[in-house]
**Q** 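Supplied in structure tokens, the structure appears directly below.
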There are 2 protein chains.
Amino acid sequence: MTYVARAATTADAFNAVAEPRRRQILDLLADGERPVNDLVRMLDLPQPMVSKHLRVLRAVKLVEVRDVGRQRLYAANGRHLKPIHDWVQHYERWWSKRFERLDDVLEELKQTEGGRNDRDD
Amino acid sequence: MTYVARAATTADAFNAVAEPRRRQILDLLADGERPVNDLVRMLDLPQPMVSKHLRVLRAVKLVEVRDVGRQRLYAANGRHLKPIHDWVQHYERWWSKRFERLDDVLEELKQTEGGRNDRDD
DNA sequence: TCATTATATACCTATATCGGTATATGTCAA
DNA sequence: TTGACATATACCGATATAGGTATATAATGA
């Protein structure tokens with residue numbers, strides 16, 4: 001019956017960032033590196049929780065660490081959020097002013113391309 | 001010991017979209033409405049899976065349904081992806097050309113915020 | 001050395017989820 | 001009505017989480 005159950009969900013940026021705490025942590029680290037205990041204090045979370053979230057973030061390379069004495073300084077690395085940015089941007093037309101009047105856009109397209117209308121992607 | 005375990009993870013757009021299949025479904029529906037069976041065929045997934053993913057997407061209003069005969073036509077509504085867009089955009093500096101020269105970034109920040117520099121840490 | 005501080009990890013529990021199969025619901029057509 | 005089609009839902013099983021506590025590791029300072 002080979003049950004597959006489910007796949008790991010913390011293995012990519014989308015999932016890493018689906019957890020609100022991890023977004024908070026990233027936001028805090030976006031302004032510059034911080035030791036773990038800073039985060040613990042600012043988030044009011046048990047230290048092991050913070051360490052575990054950091055581990056997930058590190059696994060997907062959204063944060064980097066640097067050892068300084070007995071502290072570990074974490075810093076955000078937003079680079080790997082780009083796939084999310086790119087994917088979401090395809091949906092821009094639902095909020096961007098640029099697409100406010102769809103009719104006009106379609107009209108424009110029709111005029112410009114002259115003939116090619118509907119397709120499947 | 002009142003265990004809290006974990007919170008529901010399908011209750012917001014971030015989580016809904018963390019699942020790759022659901023992104024696929026959204027992508028398919030972004031071009032226009034489709035009946036469930038279209039998705040079943042295109043994704044090669046068991047129909048109940050598709051229905052369940054659609055349910056999650058509907059719960060966060062990323063899709064809308066319309067009944068036509070015995071079919072249910074689903075359509076994407078990207079509007080609720082905007083929170084993701086907005087959040088991710090804060091990390092734009094990690095990939096955007098606009099931020100290639102740090103000097104410019106600082107200039108820009110200075111212009112935008114007008115003076116406020118360092119804060120509470 | 002020992003104590004303190006800083007962080008990570010090993011457990012444990014409860015549960016939300018994914019994946020699957022079987023069944024219910026609902027609609028149309030003959 | 002009956003049957004076929006379209007979709008949703010009710011189960012069930014396995015497991016990856018989140019959250020918690022206790023402990024390990026590691027560096028510093030006395």
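So you know, we letter chains A, B, ... as the sequences are listed, proteins then strands, and number each from 1. Hydrogens, waters and symmetry mates play no part in the numbers below; they use all other heavy atoms, side chains included.
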**Q** Specify the residues of residues 66-78 of chain A, ordered by number, for which at least one heavy atom lies under 4.0 angstrom from an atom of DNA chain D.
**A**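 Listed by number, they are G69(A), R70(A).
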**Q** Is H53(B) close enough to dG19(C) that one of its side-chain N or O atoms is under 4.0 Å from OP1 or OP2 there?
**A**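 Looking at the OP1 and OP2 atoms of dG19(C), one of them is under 4.0 Å from a side-chain N or O of H53(B).
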**Q** To the nearest angstrom, how far is L54(A) atom CG from dA6(C) atom C1'?
**A**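 Distance, rounded to whole Å: 13 Å.
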**Q** Between R23(A) and F14(B), is NZ or CZ placed under 6.0 angstrom from the six-membered ring centre and within 45° of the ring axis?
**A**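 Checked: cation-pi criterion met.
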**Q** Rounded to whole angstrom units, what separation is found between the CG atom of D12(B) and the P atom of dT17(C)?
**A**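 After rounding, the gap between these two atoms is 10 Å.
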**Q** Is it true that Y91(B) and W95(B) have ring centroids separated by less than 6.0 Å?
**A**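 No; W95(B) has its ring centre 6.0 Å or more from that of Y91(B).
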**Q** Going from CG on L62(A) to NE2 on H80(A), what distance comes out if it is rounded to the nearest 0.5 angstrom?
**A**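 The CG atom of L62(A) sits 7.5 Å away from the NE2 atom of H80(A).
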**Q** So, is N37(B) close to the dC5(D) phosphate, meaning a side-chain N or O under 4.0 Å from OP1 or OP2?
**A**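 For dC5(D), neither OP1 nor OP2 has a side-chain N or O of N37(B) closer than 4.0 Å.
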**Q** Just wondering, are more than 12 heavy atoms of other shown residues or ligands nearer than 6.0 Å to CG in D44(B)?
**A**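 Result for CG/D44(B): open.
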**Q** CD1 of I25(A) to NE2 of H53(A): how many Å apart, nearest 0.5 Å?
**A**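 Output value for this atom pair is 6.0 Å.
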**Q** From CG of D44(A) over to P of dG19(D), roughly how many Å is that when rounded to an integer?
**A**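 Spelled out: CG on D44(A) to P on dG19(D) is 13 Å.
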**Q** Given dT7(C), dG20(C), dT7(D), which nucleotide is nearest the side-chain atoms of M49(B)?
**A**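 Per side-chain heavy atoms of M49(B), the pick is dG20(C).
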**Q** Per the atom types in the model, does the base of dA8(D) pair as donor or acceptor with the side chain of Q47(B) at under 3.5 Å?
**A**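 Check passes, donor-acceptor contact within cut-off.
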**Q** Nearest of dG20(C), dT9(C), dT7(C) to any side-chain atom of K52(A)?
**A**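 Looking only at heavy atoms from C-beta outward on K52(A), the closest nucleotide is dT9(C).
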**Q** Contact class for P48(A) (heavy atom, under 4.0 Å): base, sugar-phosphate, or nothing?
**A**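 Base, at least one base heavy atom under 4.0 Å.
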**Q** Report the distance from atom CG of L45(B) to atom P of dT21(C), rounded to the nearest whole Å.
**A**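 L45(B) atom CG is separated from dT21(C) atom P by 12 Å.
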**Q** For dT9(D), take OP1 and OP2 only and decide whether either is under 4.0 Å from a side-chain N or O of R55(B).
**A**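 Yes.
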**Q** How far does CG of N15(A) sit from CZ of R22(A), to the nearest 0.5 angstrom?
**A**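 So the CG of N15(A) and the CZ of R22(A) are separated by 8.0 Å.
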**Q** Looking at E33(B) and L73(B), what are the two nearest heavy atoms and their distance?
**A**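 In terms of heavy atoms, the two residues are closest at OE2-CD1, 3.6 Å.
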**Q** Please give, in whole Å, the distance from dT17(C) P to N15(B) CG?
**A**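 Distance, rounded to whole Å: 8 Å.
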**Q** Specify the separation, in whole Å, of atom CG of L39(B) and atom P of dA8(D).
**A**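 Nearest whole value for this atom pair: 10 Å.
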**Q** Within the structure shown, what part of the strands sits under 4.0 Å from R22(A) by heavy-atom distance: base, sugar-phosphate, or nothing?
**A**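 Sugar-phosphate contact only.
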**Q** Quick check: any donor-acceptor pair below 3.5 Å linking the side-chain of E19(A) to the base of dA18(D)?
**A**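 When only heavy-atom distances are counted, E19(A) does not reach the base of dA18(D) through any donor-acceptor pair under 3.5 Å.
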